[in-house]
**Q** 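Please see the structure below; I have some questions.
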Amino acid sequence: MIHERAAQGIGEPSVYHAVVVIFLEFFAWGLLTTPMLTVLHQTFPQHTFLMNGLIQGVKGLLSFLSAPLIGALSDVWGRKSFLLLTVFFTCAPIPLMKISPWWYFAVISMSGVFAVTFSVIFAYVADITQEHERSTAYGLVSATFAASLVTSPAIGAYLSQAYGDTLVVVLATAVALLDVCFILVAVPESLPEKMRPASWGAPISWEQADPFASLCKVGQDSTVLLICITVFLSYLPEAGQYSSFFLYLRQVIGFTSETVAAFIAVVGILSILAQTVVLGVLMRSIGNKNTILLGLGFQILQLAWYGFGSQPWMMWAAGAVAAMSSITFPAISAIVSRNADPDQQGVVQGMITGIRGLCNGLGPALYGFVFYLFHVELRDMDSASTIIPGPPFLFGACSVLLSLLVALFIPEHSGLSLRPAGYKKHSNGAQSQGHSPQAASMEGKEPLLEDSSV
């Protein structure tokens with residue numbers, strides 16, 4: 001047994017394996033923050049934000065469609081193979097940025113089918129943690145994402161300015177390949193050895209993997225409905241914010257490239273503290289639901305401040321508030337993990353991950369459309385503009401306010417039930433073992449932190 005596990009990876013499965021996978025993947029993409037904006041503007045000089053929204057919209061829609069299926073398959077066939085699959089295809093577009101920009105954006109759109117690494121990563125974490133450890137583990141992994149943003153955009157911007165975009169793309173490709181090699185060599189399978197041979201023969205409930213079938217059943221449980229609405233209304237503006245925020249700081253507030261990099265680093269460090277130390281304290285002191293409400297309140301404040309703020313110090317203050325708002329999604333993940341039946345968590349978390357994927361498409365498209373309505377275009381990356389693209393941020397604050405009102409009705413303790421009509425537990429002994437409470441606990445506790453609140 002020890003030899004078999006050693007052949008699978010290095011050591012026993014741990015949260016640290018998941019942390020390294022996430023860090024490397026998003027560090028690679030973080031390096032491309034500055035080159036991505038440049039290539040996007042060069043490829044689509046007219047209506048840059050709209051085209052960015054369209055590309056991300058297709059990617060988000062495909063992620064929404066594929067997340068439940070990949071989650072269901074990883075429940076049966078194991079996490080490691082799907083970690084390898086999702087990381088490889090998510091990072092596949094990186095070298096195409098310099099080879100062919102048109103193919104780069106086309107492959108980015110199509111890579112949405114596999115852009116669900118967090119779904120598998122957090123299922124991996126759930127496999128190897130007890131329930132009382134999960135909110136801390138979720139916070140650690142999400143803080144790792146924030147850590148990847150502390151340095152990578154600044155490094156990418158510096159290398160791009162000093163040596164050109166080609167070096168940045170080569171470095172990002174090398175980091176992505178390192179991530180793939182790490183999964184192949186070092187990451188052990190989190191499903192127990194004794195369960196894997198039986199699991200290969202277990203059938204897949206295709207209705208359970210159908211995103212539309214799952215969404216149609218949201219209304220069967222009022223708590224699931226409230227959580228899904230809360231996630232949609234709060235993550236929609238956050239996803240849109242990512243497509244415009246760096247440009248907003250440079251064109252409107254007058255931040256230099258160095259100041260933007262410093263801003264990302266400071267907010268990233270504060271986010272790490274918020275999602276590790278502060279989150280644990282709040283969960284113990286004020287409870288799960290109140291932590292969600294507090295995080296949404298911080299998000300409203302930071303979006304409104306971004307929309308109305310006109311001075312650099314206001315952006316720095318709003319950035320600190322944005323870091324605090326990053327506590328929301330691990331708290332939501334924890335409340336779902338606590339309340340869902342063991343054999344239903346994969347369904348509920350898969351739906352939530354899919355909704356976030358949908359928001360990753362709709363958010364940039366929505367922000368791009370609002371920019372278009374207010375005649376804000378990406379004309380000159382280094383020019384200061386007097387046009388304030390505040391309306392998208394103010395719209396986002398209103399959306400999160402609605403999310404806060406909905407979240408008020410989420411019960412602190414409630415048994416979630418969302419069984420597909422075709423769902424049946426296996427009576428076969430081996431298969432029953434493969435879907436025991438331990439296996440069920442592996443099914444989809446993939447919390448929502450695909451991004452930080454920078």
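Since we're looking at a predicted model, the values are computed, not measured.
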**Q** Go through Phe27 and Asp179 one step at a time and tell me if the side chain to side chain contact (heavy atoms under 4.5 Å, CB included) criterion holds.
**A** CA-CA 10 Å; Phe27 187 88; Asp179 198 10; over 6 Å; no

**Q** Do we see a donor-acceptor contact under 3.5 Å between the side chains of Thr117 and Glu25?
**A**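 Glu25 and Thr117 do have a side-chain donor-acceptor pair below 3.5 Å.
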
**Q** Once you round to the nearest 0.5 Å, how far does CZ of Phe105 lie from CD1 of Ile55?
**A** 5.0 Å

**Q** Determine whether Glu238 and Thr328 make a side-chain contact, defined as any pair of heavy atoms from C-beta on separated by less than 4.5 Å.
**A** no

**Q** Test your reading of the model: is there a side-chain donor-acceptor pair from Lys289 to the backbone of Leu408, 3.5 Å cut-off?
**A** yes

**Q** So which atom in Ile335 and which in Pro411 form the shortest heavy-atom distance, rounded to 0.1 Å?
**A**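 Heavy-atom minimum between the residues: CD1-O, 3.8 Å.
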
**Q** Restricting to non-hydrogen atoms, name the atom on Leu140 and the atom on Tyr16 that form the minimum distance, rounded to 0.1 Å.
**A** CD2-CE2, 4.4 Å

**Q** Heavy atoms, side chains only, cut-off 4.5 Å: are Thr259 and Trp316 in contact?
**A**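 Yes. Closest side-chain heavy atoms under 4.5 Å.
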
**Q** Could you grab the distance from atom CG of Leu296 to atom CG of Leu301, nearest 0.5 Å is fine?
**A**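 Answer for the CG-CG pair, Leu296 versus Leu301, is 12.5 Å.
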
**Q** How long is the span from the CE atom in Met36 to the CG atom in Leu31, to the nearest 0.5 Å?
**A** 14.0 Å

**Q** Rounded to the nearest 0.5 Å, what's the gap from CD1 on Ile264 to OG on Ser152? Could you check?
**A**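 If I round to the nearest 0.5 Å, the distance is 8.0 Å.
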
**Q** Does the side chain of Phe26 come within less than 4.5 Å of Thr144's, by heavy atoms?
**A** no

**Q** Name the residue from Thr166, Thr173, Leu171, Leu167 that meets the side chain to side chain contact (heavy atoms under 4.5 Å, CB included) definition with Val169.
**A** Thr173

**Q** Kindly give the heavy-atom pair with the smallest separation between Val168 and Ser160, and that separation in Å.
**A**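 What the structure gives for the nearest pair is CG2-N, 3.5 Å.
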
**Q** Quick one: does any side-chain atom of Asn288 pair with a main-chain N or O of Met283 as donor and acceptor, under 3.5 Å?
**A**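 No.
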
**Q** Could you grab the distance from atom CG of Leu282 to atom CD1 of Ile292, nearest 0.5 Å is fine?
**A** 12.0 Å

**Q** Quick one: does any side-chain atom of Asp165 pair with a main-chain N or O of Pro35 as donor and acceptor, under 3.5 Å?
**A**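 Answer holds: no.
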
**Q** List, one per line, each side-chain donor-acceptor pair under 3.5 Å for residues 83-98, sequence neighbours excluded.
**A**
from  : atom 1 : to     : atom 2 : distance (Å)
Thr86 : OG1    : Phe82  : O      : 2.9
Thr86 : OG1    : Leu83  : O      : 3.1
Thr90 : OG1    : Thr86  : O      : 2.5
Thr90 : OG1    : Phe114 : O      : 3.3

**Q** Heavy-atom distance under 4.5 Å between the side chains of Arg79 and Ile121, does that happen here?
**A** no

**Q** Got a second to check how far Thr291's OG1 is from Arg284's CZ, nearest 0.5 Å?
**A** 10.5 Å

**Q** Can you see which heavy atom on Gly319 is nearest to which on Val267, and at what distance?
**A**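 Distance-wise, the nearest heavy atoms are O-CG1, 3.6 Å.
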
**Q** Would you check if the side chain of Ser326 reaches a backbone N or O of Ala322 as a donor-acceptor pair within less than 3.5 Å?
**A** no

**Q** Compile the donor-acceptor pairs under 3.5 Å between side chains in residues 394-405 and protein atoms, sequence neighbours left out, one pair per line.
**A**
from   : atom 1 : to     : atom 2 : distance (Å)
Ser399 : OG     : Leu233 : O      : 2.6
Ser403 : OG     : Thr230 : O      : 2.9

**Q** Heavy atoms, side chains only, cut-off 4.5 Å: are Trp29 and Ser148 in contact?
**A**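 Trp29 vs Ser148: side chains apart.
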
**Q** For Ser325, does its backbone N or O pair with a side-chain atom of Gln302 as donor and acceptor, under 3.5 Å?
**A**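 Looks like no, no N/O pair under 3.5 Å.
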
**Q** Work out which heavy atom in Phe393 is nearest to a heavy atom in Leu303; give both atom names and the distance.
**A** CB-O, 3.5 Å

**Q** Please say whether more than 12 non-hydrogen atoms of neighbouring residues, nucleotides or ligands are located less than 6.0 Å from OH in Tyr158.
**A** no

**Q** If every non-hydrogen atom of His17 is compared with every non-hydrogen atom of Tyr124, which pair is closest and at what distance?
**A** CB-OH, 4.0 Å

